[in-house]
Structures are given as structure tokens and as C-alpha cells.
Amino acid sequence: MSSSESSERRIATLAGEALTKVYRTGVVEVHALRGVDLQLYERELVVLLGPSGSGKSTLLNILGGLDIPTSGRVWFRQTEITDADESALTRYRRYHVGFVFQFYNLIPSLTARENVSLVTEIAREPMDPAEALSLVGLGERLDHFPAQLSGGEQQRVAIARAIAKRPDVLLCDEPTGALDSRTGILVLEAIERVNRELGTTTAVITHNTVIGSMADRVLYFGDGRVIDSEYNQTRRSAGELSW
Amino acid sequence: MMSALNRKLVRNLWKLRGQIFAIAMVIASGVAVMVMSLSALDALTETTEVYYDRQRFGEVFASLKRAPQRLIGQISAIPGVRSVDDRIKYLATLSIAGFEEPVIGQLVSIPEKGLFRLNRLVLRAGRLVAPGHPNEAVLSEPFANAHNLQPGDTLKALMNGNLRILTVVGIALSPEYVYTIGPGALMPDDKRFGVLWLGRGALEAAYDLDGAFNDLSLGLLHGTNPQDVIDRLDLLLGQYGGRGAFPRADQLSNWFLMNEIRMLKTMSTVLPSIFLAVAAFLSNMVLSRLIATDRSEIGLMKAFGYSNRQVGWHYAKLVMAMAAVGILIGWLLGAWLGRVNTELYAEFYRFPLLIFRPDPGIFAAAAIVSLIAALAGTLGAVRKAAQLPPAEAMLPPAPPLYRKTRISGSRFILWLDQPTRIILRQIVRAPFKALFTSIGIAFSVAVLIMALQWLDAIDRIVDVYFYDTQRQDMMIGLVESRSDTALQEFRRMPGVLAAEPMRITGVEFHAGTRYHRGSVEGIPSDPRLQRVYDAGGRVVPVPPDGLLLSTALAEKLHVGIGDTVRVEVLEGSRPKSSIPVVDLYETYIGMSAYMHIDAFNRLMGERGSLEYVTLLVDENQLVPLYRKLKSLPKVASVTLKDAALREFDKTMAETILIYVSFFAAFACALGFGVVYNSTRIALSERGRELATLRVLGFHRGEISYILLGESGLLILVGLPLGILVGAGLGWFMASAMDSELYRIPLVIKASTNAIAVLFTLAATLLSAAAVRRRLDHLDLIAVLKTRE
């Protein structure tokens, strides 16, 4: 690979080496990952593309400290987190990782601002919740409860909640999966802005190929492996996308 | 072939086993308490009836000074009389080797040829007395057991001034002495009072009653009114020193037994009803929440084309299966405990037989109440879910709407961290759901308090009866009334610090149409030993004239201070007089009445008479005092306060304490069931939220805080509420238990409340720990990946 030489000089925020994951349900073994190597570099926005069941969510969960690989190793910067215990993984998630899910997973009993505060209260150098919310364009809806927000707005609260701790990595699993395209683009714009302005290493899972064009790099998944990768010479801005 | 739906049912049941167990505990508690109490009560009532019937327990009783046997013909001729049993009965002081304290024996004659007409003995060991052997005696079993006496052993009896050595030939039980209570005692004391059956000839000779009798027992023809027989009998016995005939209902042993059964009846209907209602309410609440979490499955089933009725039936089966587990456990536990309880009673009352045939109706009633409560809770929730269009039901419920309220927007809330805000908003948003948990907790605390307050009430009864009223160490009963020179004699005895005279005489009180058969106690003015003590905390002065009535007696007679009561004395010259009521006092035990002893003696036409002496003694000189008392022919009975108190405690321990501990255990099960279920349901309702927090980097302890903190807060609300409800239930029980024998004071000590709270807390901690274990194993990915 011609690009590997140049990338060694950059610092990998997250790295996985020969990752496999086998789920055993009864007698059936499901090989979700069959040996994945990858690095996510600082400030990079990577899109993981692939059909459902191709292993991308499993990879994201392992990188985010939600799951442990069957074999292989995971590093966060210089620290190996492969064998970290429950409590260390919790600290890892608390201080370094921001998650965004397809279903927004907001706490219904807390307002937008409070949902963000939930994270800033336990983070080390968080931004002001209001600041995080205005970063995703919700500066006006601080005191609304989730039930009073549209789907796109709820997802942007989720993004604000994920980035308010100034995470080192932002992991988004199908962030637009439950949204129409117009709202989806609003959400992608928020992610893009966070990546540009805060320099957060960002990974976005999607099966929507259009979204790939906003990435620095696109990884194609199939059958538990990375089957291809592609660098975009120029990132298209989220606002230009349509599907 | 099992349908897919039924297979789902079975698997759901298995998946929910933890919760089913907890719900079953709640249901089982209610069912078990009801089955236990009612089956024991049934058994006790039935056993008594059968025992009385088989042994031909008399229906009318009378005692008199002396009557010739030829009178029997006239008594038999009274219409309605089926059989007559004339006996000789006397009290005697006994000496038993190795036992220093005086023992009182009730001597009762039995036909020497063993031809009982009434009140047949049940021989437990040995044989009946043989004709011509005046020194043979049959002992009552509890008394023989208490002194470890066997056939062949001997004991000494002071009979009519003569010391006799009696040989035990048999051990027996009698329906007349189910409850063997000595003179002036409150509880059976088998060490110090026992019944001895001797041959008729032996007693005739000992007491110079050849061809005569001094006690009667009658059997009646079916459908005879005992009062008619009593009236005629009293006319016949009047000139022979009759003390007034009385029906079986007033016979001492039976009166106590019936009073106990009545109390038990109240206890075993009121308590379990409360318990079952509480259990039903809780299972209803728990199930309705459980079913509500299943709404998307209900939508799915409807989408496939199942009708509302089919869906409803499906869940009804689920709930019936759950309830069935509880009912089954409750039945088994209740039947077993009922049996244990009945055996305890049988042992306590010395029944020679035990009939335990629990009525299937009790089982059915308990099951139906529980089942209906469970189903009602479920069907409401199912209907609500089934009313939604399937598409909507299948969606996860819209995020619940939270709004700014005065509380949620107040300055106070800004002080709180987000997890605490989550807890508070959760409660504020669904206050009724939250309230149910608190109410559940409150009820388990309350039931526990209701059970435990018995101990406090008994403590208080003991304090008032044995300490505030009775300051004496012992009470001596004399064979017949004596002049007050006898008092001087007692004062000179070894170790006697103080002695006061007392009379206790059987009387009938009449006020208008109301009547009570009891006794008047004559005591000196300003008594220092036996006092008139009002339970409110007042020593009532004894006026030179007039009656002092216990409030219970005054209520029964419908009289107050200033009214007059007609007193008809049943002994001596049987004087009658109308006496004004001067003062009232509250008692917890019995329905006593007092008069100044001089006024009473004037009424009797006697001067300076006494039948009892109360003594305050020096503990170090008890042995010589006992020896002296045992040698005096005029001493008929000795009642030791310490012994009476010990017996009281022992009896309470054997009956009420056991009952109370059953309730305590059930109340704990209730508390556990409520907290486990409500927390467990909250977990399934909010597992997603909690998993999200874990993903966001919250530690296990921190998310446990949100879930268990909410339960904790609701429990904190529930505990004081429980103390309030407990006081209410306690009051209800105490007023339901009022009887002629006892008034139960409502006393709840702070320690009782504390124990109830601690027990409930322990039960809730246990269930919190179980839920915490689940929280620790929350599957983060699965929760986030699935929609709901």
C-alpha cells in the first residue's frame, strides 16, 4: 500500500490489529469480524460503508470499549485497551469516546441542556452544554425535553452530548438511519463541523454510499473484513450531499 | 401440539421466573396467612366440639354446700334434664417431693365403678381408681407432666385437716379441665394447680359427706333452654347452700377456651383479610406494570391478526399461571402452618384428639380472591395495549412527555446533578406509579407493625395487671371465710412484711335487663398490696361505701357513675342490694368490681370476715413460709405472682408469639416482593436509558444510583407512611379484639416501629441486591441495537 508509509508518520488515535469477533449463540458460531487491521488518525473523518451484517458495528463497539474482541489487539494512542477491565473501559468511554447511535438514546426525563450536562458533569474539561448545543445548531432549544423535539433535533442533541466532553474520538453508528434525507444532512453537517472545528477523530458507520464522499477515507466492509479502502482527494461538505 | 402462542407463554414464564417468584411470594403470603389462620381455627373449634361431645361434657353446673343424694330424683325430674352427675369437689393443699412451693389440688370425685354419666375422663396412662382403695388418685395429665409423676408415685394431700398419702394410679384428661385454672389465676399453672380424681367413697369419708354431694353437673335433652333448668335448679338448691347454677358457657375452663377461640377468630379473620387484600392490591399493581412493558408484542400479535380477545386470553393465561404458582405455594405453606398451629393449640389445651380437616372452601376463597385481583390488574393493562392500532403499539412508546413544572424548573433542582434530576422527574412524571411502590412498602411495614404491636400490648397489660394493680407477692385463699384475727396470724408468719385482707365473692350484677355473673372483690381503704388501678395511670381510692366498676363491666351493664346496680350475692345468706356506682376504672383483663371490705361484710351480714389474704414477703424466707402454709388446714390456695407472671409469659410465647412470627415472615416476603418487582419492572422499562448512560461512561454504581436511588426515595416515603398505616391497623385490630376477658390497649413502642422499618429495609435491600446484579450484567450493545 502506497499510503501506509506516509500514514506511519501520523499519530493513530485508535488502532486495531488482527481483530476477530465470534458470537456464539447456542451451537452456531457467527464470525462477525474475521481479522481486521485499521488505524484512525487524529482529525480524520472515516466513513465505514457496508451492508448490514458486514461487521462494521461490531468493530465500532470494540473500538469504543463496548465490546471485547475474541482475538487481536486494540490501542487507544499508546495504551492497549484489549484486556482492560470493566472499570477501565468505563473510564475510557467516559473521558475519551463520544457515541452517536441510530436511535438517539436520549434520557426522556432530561431537557436537551441537561442531557448534555449528564456527560459534562462527569468529564474532565468539557465545554459548556449550551456551547455544544449551539455547535449542532440547537442553541435555541436548550430547555426542551426530548418529546418536544423532532427526530433530527433529538439526534443533534445526541451529537452535542457526545462531543461536549471534547472526546478524542467520535463514533457514530448509522446516525442518519432513522431520519429523512433533509434532516439527515443537518445531522451530518453537525458531525462535520465537530470534526473540523474540534479536530475530533470521527468514524461514521452507514450503508448509504453517498455519505462516503464527505470522508477523508472510506473503508468498505464485507463479511467481517475490510475489503477495500479509498482516500477522497477532496471532502465534499455535507450540505452538498443528497440522496 | 402446543400452539406457537402457548409456546411463547411457556418461554415468557421461564424468562420472567425471577419476577414470577417475587409475585408468587406476595400472593402466597396472602393465601398462606388466610389458609393457616382459618384452618387452625376450624380445627380448634371442631376438635373442641367433638371432644365435648364424646366425653359428654356437662351443660349446666352448680356448686352448693351440701345436699342429700335423695335430691337427685327431684333434679332428674326437671323438664329437659337428661342425666345428672353429682360429685364432691374440694380444694386441698398438696405436697410433692422436691417442690417447695405450695400446690393446690382440685379434688373431684368419680364413680368408683367407672360408670360416668357425664364429664368422662380420657385415660392417658394407668387405670381408674379401684373400689375400696381410698388412697388412689387419677391425676390430670398436665399436672402429672409438670411434676413428672407416673402411676405408682405418691404425693401428700391435706384433706379436711388430715394429711393423706395418695398413690397415683392413672393419668387422665377431662373436658371439664381443658383450661386448668387455679383459684384467682389468669393462666393455667400446671406446677401449682392440678386436678385429682378420687373415688366417691374416699371423698365422702374425708369430708363427712356420706350420702351427700356438693357439686352438680347436668346433661340436657336436645333443644332445652339451659336457663329454664337453671331457674328450677336454683329453687331446689337454695336451701342447701347453692351458689347459683350456671350454663356451660360460664363454666370456667370452657369460658376461657371460648374466649380464646373468639379472639383467635377475630385474629384469623381480620388479620388475613387485611393481608390478603394487601397482597391482592400489590399483585394487581405489579402485574399491570409488567404487562404494560409488553405492549409492542401485543401490537405484533394484533398485526398478525389475533383478536383482542385472543390477546387478552393469552395474557390472562400468563397471569393465571403466575398466580397459580403463588396460590399453590400459599396453599401448601398455609396448610402446613395451619397444621403446625393446630398442633400447638392442641398441645397447649391438652386435647386428647386432634381433628384437622381444613375446609376446601377456605382454600378456594383464598385462591379466588388472589386470582381475581391478579387478573383485574392484568386485563386493564392488556386492554390499554390492545386498544392501540397495531402499528402504533409496535413502535416504541413515544418518549414520555416531560414538561417544565414548578418543581422541575425551580432553583432547588438546579442544585442537583443530572442523575438526581432523572430520579426526581421520573417520580414527578408518574406520581401514581411511584405512589404504588410507596404504598406497597407502607403496607408491608404496617402489617409488620400490626403483628408486632401485640408484644407491646401484652407488655402493657402485664405492667398494669401484675405490677401497677398487684403489689403483693402472693395471695392466700382460705377454705372458708374467717374473722380478721386470721390476718394477725398471717402477719406473724416467717418473712411476711405486710398482709391485707380481701374477699372475692360470686355475685350477679343486674342493671335493668342487663346482667353479668362475676364477683365482687372486697378490699380495705387505701390498700397497699391489691390496688384498684386505672389503666390510664391512676390509683383509684376505695370509698367507704358504694361500688367501683371496671369500665368493661359498666359498659356491659350500661351504667355510669351515680347509677345503681343490683348486686345479688350467690353465697352465704345470698343477700341482695342496690348499690350506687361511685367510680369507674379501666382494666385490660377481666371485668372486675370492688367494694370496701367493711361495706361488703355489712352487706353479707358478717363482721370482719375475709377469704383471702394478700402478702408481701421477704424473698429470703420463702422456704419456711411455704412449709408453714402447707401445714395449715385453713389454706385452700396459694397464688404466687411471680409464677403467674411466668405462666402468662410462657402462654403468650406459645400462642401469640408464634402467630406473630409467622406474620413477620410474611410481611418481609411482601416487602421483598414489592421492591423486587417494582425495581425489576423499572429496569425493563428503562434498561435502554441505563445502558445509554453506561455507554456514555457512567460506572455501574452510578447507574445503580439512578434506579435504586429512585426505589430508595420511594421507600423513604413509604416507611413513615407505613408507621401511620400500622398504627391505624393496630387500632383496628385492638378494637376488633375487645372481649370480656381482654381489652387490648393500642401501644406501639418506638422500637416496634424501628423493627418493622428495619425488617422491611432488609427485605428491600435483598431485592435491591438482586436487581443490582442484573444491572451489572446489562448487555450494552443488545440494548442499544434493538429498538425497544
Side-chain angles (χ1 to χ4, degrees), chain A residues 23 32 52 57-58 60-62 64-67 86-111 113-124 129 143-149 151 154 158 161-162 164-165 167 171 173-174 178, chain B residues 395-405 407-409 413-430 434 682 685-703 705-706 710 775-788:
Chain A
Y23 292 106
S52 57
S57 287
T58 306
L60 205 71
N61 289 337
I62 290 172
L66 286 177
D67 206 347
E86 174 64 38
S87 172
L89 283 179
T90 302
R91 280 196 303 279
Y92 167 61
R93 293 198 300 270
R94 175 181 288 205
Y95 299 125
H96 304 292
V97 188
F99 282 105
V100 175
F101 298 99
Q102 178 178 7
F103 308 107
Y104 333 116
N105 292 313
L106 297 182
I107 308 298
S109 56
L110 298 179
T111 62
R113 189 209 301 264
E114 287 165 344
N115 260 287
V116 179
S117 304
L118 194 63
V119 167
T120 58
E121 279 171 6
I122 59 167
R124 274 181 186 146
D143 294 322
H144 287 65
F145 283 98
Q148 298 164 315
L149 297 171
Q154 288 186 52
R161 187 175 64 181
K165 68 171 82 157
L171 304 176
D173 193 349
E174 298 277 9
Chain B
L395 287 178
L401 189 56
Y402 289 83
R403 287 178 206 279
K404 289 271 163 207
T405 60
I407 307 164
S408 68
I413 208 147
L414 298 178
W415 280 77
L416 303 172
D417 60 1
Q418 305 308 323
T420 309
R421 285 189 208 188
I422 295 178
I423 292 176
L424 289 182
R425 293 234 173 89
Q426 189 74 23
I427 292 173
V428 169
R429 190 182 70 88
E685 284 169 350
R686 292 162 62 197
R688 183 180 190 76
E689 188 175 319
L690 297 171
T692 305
L693 292 172
R694 290 280 285 130
V695 168
L696 294 178
F698 280 75
H699 286 284
R700 287 167 179 173
E702 288 165 323
I703 60 161
Y705 166 70
I706 292 179
E710 185 186 327
L775 268 179
D776 286 349
H777 295 108
L778 211 55
D779 185 344
L780 304 187
I781 299 160
V783 172
L784 294 174
K785 269 286 157 190
T786 52
R787 250 187 350 191
E788 199 50 16

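The sequence lines fix the lettering, A, B, ..., with proteins before strands; numbering per chain opens at 1.
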Q | Proximal component of T58(A), with respect to chain B [non-hydrogen, under 4.5 Å] | A |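 The answer is neither part of T58(A).
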inquiry  = Just to verify, what does Y705(B) make a ring-ring contact (aromatic ring centres under 6.0 Å, His included) with, not counting sequence neighbours?
reply    =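 Testing Y705(B) for ring-ring contact (aromatic ring centres under 6.0 Å, His included), a comparison that skips the adjacent residues, returns none.
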Please identify each residue that fulfils side chain to side chain contact (heavy atoms under 4.5 Å, CB included) with I122(A), with sequence neighbours left out.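 R94(A), F698(B), E702(B).
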Next item on the list: Check for a donor-acceptor pair, side chain of E121(A) on one end and backbone N or O of Q418(B) on the other, with a separation under 3.5 Å.
Entry: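 Side chain of E121(A) to backbone of Q418(B): a pair is present.
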Item to complete: May I ask you to test the D417(B)-S117(A) pair for a side-chain heavy-atom distance under 4.5 Å?
Response: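 A side-chain contact is absent here, since even the closest heavy-atom pair is not under 4.5 Å.
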- Item | Trace of the side chain to side chain contact (heavy atoms under 4.5 Å, CB included) decision for R421(B) with I107(A) | CA-CA 11 Å; R421(B) 285 189 208 188; I107(A) 308 298; over 6 Å; no
Could you measure the distance from the OG1 atom of T692(B) to the CG atom of N115(A)? Nearest 0.5 Å is fine.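 The distance works out to 9.5 Å.
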Handout entry: Under 4.5 Å from a heavy atom of chain A, the part of R694(B) involved
Key =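 Both parts, backbone and side chain.
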Point to revise | Shortest non-hydrogen contact between R425(B) and T111(A), atoms and distance | key: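 For R425(B) and T111(A), the tightest heavy-atom pair comes out as NH1-N, 4.2 Å.
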